[in-house]
Amino acid sequence: MKKKLYHVIKEASKEWGDADFNIEHTRQKEFGDLATNIAMVLSKQAHQPPLEIGEVIARKLRKYSMFSKVEVVKPGFINLFLSDEVYINIFKEVLGKGEAFFKPDVQGKRIQIEFVSANPTGPLHVGHGRGAAIGDALSRILSFCGHTVEKEYYINDAGNQIQTLGESVFFRYREICGEKISFPEYGYKGDYIKDIAQNIYQRESKSLLEKEEKEAVKICAEYASNTIMEDIKNDLKEFRINFTNYFHEIFLYPDQIEKAINYLKEKDLVYCKDNALWFKSTSFGDDKDRVLKKSDGSYTYFASDTAYHQNKLSRNYDELIDIWGADHHGYVSRIMAAFNALSPEDCKLHIILVQLVNLLEKGERISMSTRGGQFETLRDVIKEVGVDACRFMFLTKSTNTHLDFDIQIAKEQSMDNPVYYVQYAHARICNIFEQVKRKKINIRENVGNYILKTEEEKNIVKELVILREAMDKSVQELEPFYVVKSLINIACAFHQFYNRRRVIGAEEEIMQSRFKLIDITKKAISTGLSLIGVSAPKQM
RNA sequence: GCGCCUGUAGCUUAACGGAUAGAGCAGCGGACUUCGGAUCCGCCGGUUAGGGGUUCGAAUCCCCUCAGGCGCACCA
């Protein structure tokens with residue numbers, strides 16, 4: 001609809017030449033349905049007052065039957081009031097296309113999105129949960145819009161952290177075996193480490209003590225990372241997230257890392273200094289060059305990450321998306337540098353930073369690093385507030401803003417917690433159809449004469465159009481939050497309608513139209529909710 | 001010290017450079033004899049952290065100050 005309008009307005013204003021104008025949904029209904037700033041934009045280049053230009057354009061626009069009123073106001077806005085005919089046509093279009101109406105026109109691409117990727121050294125916490133909710137919603141939205149999406153989890157199972165994990169477990173194991181040890185400062189101190197050590201003890205008894213320490217630590221590390229990874233996978237499943245693929249860092253050792261380094265060498269982007277191997281990331285905009293291979297011969301994580309991205313490139317995606325916690329932002333420029341060095345041409349890499357989550361309870365901050373708090377893990381939070389509320393909560397604010405997650409509020413069923421508001425609208429519609437069934441009211445397949453008389457009904461139609469635009473915007477900006485916001489507005493438009501108008505009991509023609517209207521509204525809500533991984537219950 | 005993110009009503013927040021800064025919660029007051037009151041309507045509440053600048057027009061862009069968060073390794 002906007003596209004069509006765009007052309008109409010462009011046509012009406014062509015005597016002044018091209019301009020970068022826009023059309024927006026108005027905030028207040030006195031300003032019509034839509035408004036454009038074209039007169040103000042043109043006034044600069046035409047050296048003419050915007051009101052004059054606006055009046056000329058408005059005169060032309062008034063000839064179109066799609067507008068019931070066109071007015072030019074104060075600073076130079078042209079307010080457009082759409083005729084009922086336009087609403088009816090959109091309404092028919094939505095009904096004809098069904099769910100497909102909400103898909104923006106996009107060219108299908110192959111996209112890989114990597115998210116969560118938490119190290120298998122401890123359970124997922126709330127911050128991971130937000131990344132998970134955003135990554136998963138984004139995948140669903142992208143694939144709904146026609147892209148082919150693969151979701152990948154990268155497991156860091158090769159570096160020092162795993163070594164430390166193994167050592168930590170082995171310390172606990174020795175403790176269980178009766179040795180007196182002093183647990184190292186750098187070790188993982190969580191209780192889950194003790195549980196894992198206990199399991200190993202039950203399986204192996206004291207046999208590990210007879211092995212060489214290096215060997216024993218390795219066994220512990222392997223066992224621990226596997227069990228923790230299993231737990232993580234269970235948490236993700238619980239959170240309704242299925243990855244297409246789990247990629248192990250260890251798989252890159254050492255051949256693919258060498259391959260990546262050699263590739264950079266051939267391009268003369270690598271040099272030796274102080275016995276270490278450096279990548280010239282400054283040539284690609286990074287602040288300083290980065291080490292690939294340390295002087296002790298081992299690789300940095302940066303080296304394996306580089307190799308990992310080369311591996312991704314070899315899989316022929318059109319676009320790559322990495323979702324990281326905002327605490328990794330210092331890492332962005334070096335990976336971008338490596339990526340640009342590796343990828344001569346088309347494939348694009350987007351790095352999305354998810355801002356941190358503050359976990360609160362009744363306004364009090366719960367620390368995530370100490371074990372004082374009750375709900376530091378994602379699992380605990382899900383158990384407490386439920387998957388629906390949890391996922392919705394993570395998505396109500398844009399990715400790039402800090403999120404205060406208050407357990408207390410997430411449990412409440414108020415407008416602070418809009419998931420119920422949206423679900424309730426869905427349940428209400430379902431209930432109307434329940435009543436219809438019970439009262440044996442006939443729903444006609446073909447409604448000859450569509451009627452959208454009231455503001456409330458037109459509002460719903462308008463919000464459905466906005467959902468499609470939100471879908472488009474979410475894809476453009478890789479930001480699922482627009483869809484969520486639109487869902488809340490659709491629910492709002494429906495609740496307003498519901499409170500002022502009736503479906504059952506309205507005059508036959510109107511009732512039949514309204515059946516169609518609420519049916520498509522229900523579809524919009526359930527589709528939208530499914531895209532963010534939230535259920536659409538029939539009753540609550 | 002350098003870099004990134006953030007600062008909007010008591011709280012949580014919205015606003016492609018556009019109109020009187022828009023919502024929800026909390027507070028106060030109302031609404032269905034009929035489809036679910038987890039809803040709807042009204043009132044109260046703002047110097048958009050502060051100060052400069054850019055322009056027809058700034059919460060938004062630029063500079064400075066203040067406050068908070070996070071990064072600045074041959075760590076992961």
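Just so it is clear: chains get the letters A, B, ... in the order the sequence lines come, proteins before strands, and each one is counted from 1.
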Check every strand shown and say whether [X] touches a base, only sugar-phosphate, or nothing at a heavy-atom separation below 4.0 Å.
| X | value |
| --- | --- |
| A:Glu434 | nothing |
| A:Arg290 | nothing |
| A:Val332 | nothing |
| A:Ala425 | nothing |
| A:Arg501 | base |
| A:Leu292 | nothing |
| A:Asn119 | sugar-phosphate |
| A:Phe31 | base |

Paired with [N] by Watson-Crick or G-U wobble geometry, both distances under 3.5 Å: which nucleotide is it?
| N | result |
| --- | --- |
| B:G27 | B:C43 |
| B:A15 | none |
| B:G7 | B:C66 |
| B:C61 | B:G53 |
| B:C2 | B:G71 |

Looking only at atom [atom1], what distance separates [N] and [M], rounded to whole Å?
| N | M | atom1 | answer |
| --- | --- | --- | --- |
| B:A38 | B:G71 | C1' | 42 Å |
| B:G22 | B:G45 | P | 13 Å |
| B:U39 | B:C56 | P | 47 Å |
| B:A67 | B:A31 | C1' | 45 Å |
| B:C25 | B:A9 | C1' | 12 Å |
| B:C61 | B:G7 | P | 10 Å |
| B:G24 | B:C43 | C1' | 16 Å |
| B:G46 | B:U34 | C1' | 42 Å |

What about [X]: does its side chain form a donor-acceptor pair under 3.5 Å with the base of [N]?
| X | N | result |
| --- | --- | --- |
| A:Asn79 | B:A19 | yes |
| A:Thr300 | B:C74 | no |
| A:His329 | B:G3 | yes |

Length of the line joining [X]:[atom1] and [N]:[atom2], which is rounded to integer Å:
| X | N | atom1 | atom2 | value |
| --- | --- | --- | --- | --- |
| A:Arg334 | B:C4 | CZ | C1' | 14 Å |
| A:Met540 | B:C35 | CE | C1' | 17 Å |
| A:Asn160 | B:A73 | CG | P | 17 Å |
| A:Ile490 | B:A23 | CD1 | P | 19 Å |
| A:Leu51 | B:C56 | CG | C1' | 11 Å |
| A:Asn400 | B:U6 | CG | P | 5 Å |
| A:Phe394 | B:U13 | CZ | P | 14 Å |
| A:His495 | B:C32 | NE2 | C1' | 16 Å |

Can a donor-acceptor pair be found between the side chains of [X] and [Y] at a distance below 3.5 Å?
| X | Y | result |
| --- | --- | --- |
| A:Glu457 | A:Thr454 | yes |
| A:Tyr153 | A:Glu114 | no |
| A:Tyr271 | A:Asp289 | yes |

Establish, for the pair A:Arg428 and A:Tyr498, whether the NZ or CZ atom is under 6.0 angstrom from the six-membered ring centre and no further than 45 degrees off its axis.
yes
Looking at [X] and [Y], does any basic side-chain N land under 4.0 Å from a carboxylate oxygen?
| X | Y | answer |
| --- | --- | --- |
| A:Glu479 | A:Lys473 | no |
| A:Asp519 | A:Lys523 | no |
| A:Arg444 | A:Glu509 | yes |
| A:Lys312 | A:Asp322 | yes |

Using a cut-off of strictly less than 4.0 Å, decide whether [X] has a side-chain nitrogen or oxygen near OP1 or OP2 of [N].
| X | N | result |
| --- | --- | --- |
| A:Asn37 | B:G17 | no |
| A:Gln423 | B:A38 | no |
| A:Arg428 | B:U39 | no |
| A:Lys294 | B:A73 | no |
| A:Tyr420 | B:A38 | no |
| A:Lys288 | B:A73 | yes |

The nucleotide from B:U39, B:C41, B:A19 with an atom nearest the side chain of A:Gln496 is B:C41
Earlier contact from the 5' end, RNA chain B, for A:Phe302 and A:Ala326
A:Ala326
Closer to the 5' end of RNA chain B via nearest nucleotide, is it A:Lys397 or A:Leu356?
A:Lys397
I'd like to know if the side chain of A:Ser168 reaches the main chain of A:Tyr188, judged simply by a donor and an acceptor atom lying under 3.5 Å from each other, with no hydrogens or angles considered.
yes
Going by centres under 5.5 angstrom and planes under 30 degrees, do the aromatic ring of A:Tyr421 and the base ring of B:A38 stack?
no
